[in-house]
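Letters A, B, ... mirror the listed sequences (proteins, then strands); counts begin at 1.
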Amino acid sequence: MSYEDQIPYVESTIIMTTVRVVAPFVLTLGLFVMFHGAGSAGGGFQGGVVVGSVILMLAFAFGIEAVRDWINPAAVLGVIGLGVGTFVAIGLGSVALGGAFLEYGRYGSLTVVKYSIELVELGIGAIVTGVVVGLFFLIAGGYADAEEEGSA
Amino acid sequence: MVSALEVATLVFVLGTALTAALLRDVLGAIIAFAAYSLGVSILWVFLQAPDVALTEAAVGAGVMTILFLLTIVRTVRPPTDDLLESVGWRGVAAGGALSTLLLVTVPSLPAIGSDSPVTTGEVTAYYLENAYADTHVENAVTAVLAAYRGFDTLGEAVVVFAAGVAVLVVLRQEEFV
């Protein structure tokens with residue numbers, strides 16, 4: 001039996017229940033890793049992947065089409081752009097204050113420096129989350145097309 | 001020097017890597033690969049690199065597994081019923097030569113915590129002493145990545161962004177473009 005004969009999405013109570021229980025905790029962990037990257041292990045890259053994997057888990061359990069309808073793909077693109085924009089804005093902010101690009105010291109108090117670094121981490125997190133989710137839906141979309149061709 | 005747990009993890013990693021390489025069934029190989037990533041992420045924890053361990057666990061064991069699973073839906077299982085891939089002597093020779101080459105370089109790495117430029121060098125000492133005073137960020141790794149080497153990190157972030165956008169454009173889908 002080839003893989004093509006298999007149904008890509010199987011509605012499994014075990015998977016759905018597990019994801020329903022685990023997803024909030026994973027999302028919280030991802031956001032914690034992203035927001036707390038300045039204080040403990042972690043940061044934007046790691047937290048972003050964990051947050052993105054929550055969406056992947058949901059799609060795996062409840063069907064890719066349902067989750068894609070739930071999440072607006074344009075919003076995914078927007079999140080990616082917002083992340084890059086945040087990072088560049090923090091860099092340009094110090095230029096506006098008369099310093100070099102990304103010269104955090106120009107922001108004055110160290111608290112502001114700390115939170116601008118946090119914002120940079122959040123921006124990275126947004127980029128990574130968006131790219132992971134976007135890649136997933138793209139690959140999944142490819143095989144949905146193949147399925148339609150097969151049934152047509 | 002090396003605890004039993006570390007040896008067990010190493011054996012697990014080597015075993016899962018060989019399984020992933022040799023299994024003929026693609027689905028089995030993907031699951032073995034996910035287990036391998038999980039083992040490697042535990043190794044990173046032993047090496048006191050929790051940031052890298054988090055990335056390895058999330059990307060290697062989590063996201064990559066799901067992307068591979070989606071990909072193999074479009075592949076066909078090879079017709080034979082053999083459990084393992086047949087390996088030619090050329091492959092063994094090439095793999096063995098590459099592994100030997102890489103293993104030869106291992107003794108030149110400094111031992112963990114030993115007195116080497118990696119741990120006691122001027123730059124490392126500067127980061128450890130000044131990171132908190134300069135940025136008020138407790139995690140020195142984040143201070144180095146986001147502040148001292150902010151340009152590098154911006155470049156990395158933009159590379160991820162560009163790669164994502166490039167894939168979106170190349171695999172033009174109605175859902176996205």
Check each atom of V33(A) against the heavy atoms of chain B and say whether the ones under 4.5 Å are side chain, backbone, both or neither. side chain
Go through the atoms of L54(B) and report whether side chain, backbone, both or neither lie under 4.5 Å from a heavy atom of chain A. both
Please classify the contact of L69(B) with chain A as side chain, backbone, both or neither, using a heavy-atom distance under 4.5 Å. side chain
Test your reading of the model: is there a side-chain donor-acceptor pair from T142(B) to the backbone of E138(B), 3.5 Å cut-off? no
Does S53(A) reach the main-chain N or O of L56(A) with its side chain, forming a donor-acceptor pair under 3.5 Å? no
Is it the case that over 12 heavy atoms from other parts of the model lie below 6.0 angstrom from the OH atom of Y148(B)? yes
Atom CG of residue position L102(B) - does it have more than 12 heavy atoms of other residues, nucleotides or ligands inside 6.0 Å? yes
Using a heavy-atom distance cut-off of less than 4.5 Å, which residues of residues 85-94 of chain A contact chain B? F87(A), V88(A)
Closest non-hydrogen contact found for G60(B) with T65(B) is O-OG1, 3.6 Å
Less than 6.0 angstrom separating the ring centers of F151(B) and F101(A), yes or no? yes
Residues of residues 9-16 of chain B within contact distance of chain A, non-hydrogen under 4.5 Å: none
Top contributor to chain A interface from T153(B), V52(B), V141(B), V158(B) [non-hydrogen pairs under 4.5 Å]: T153(B)
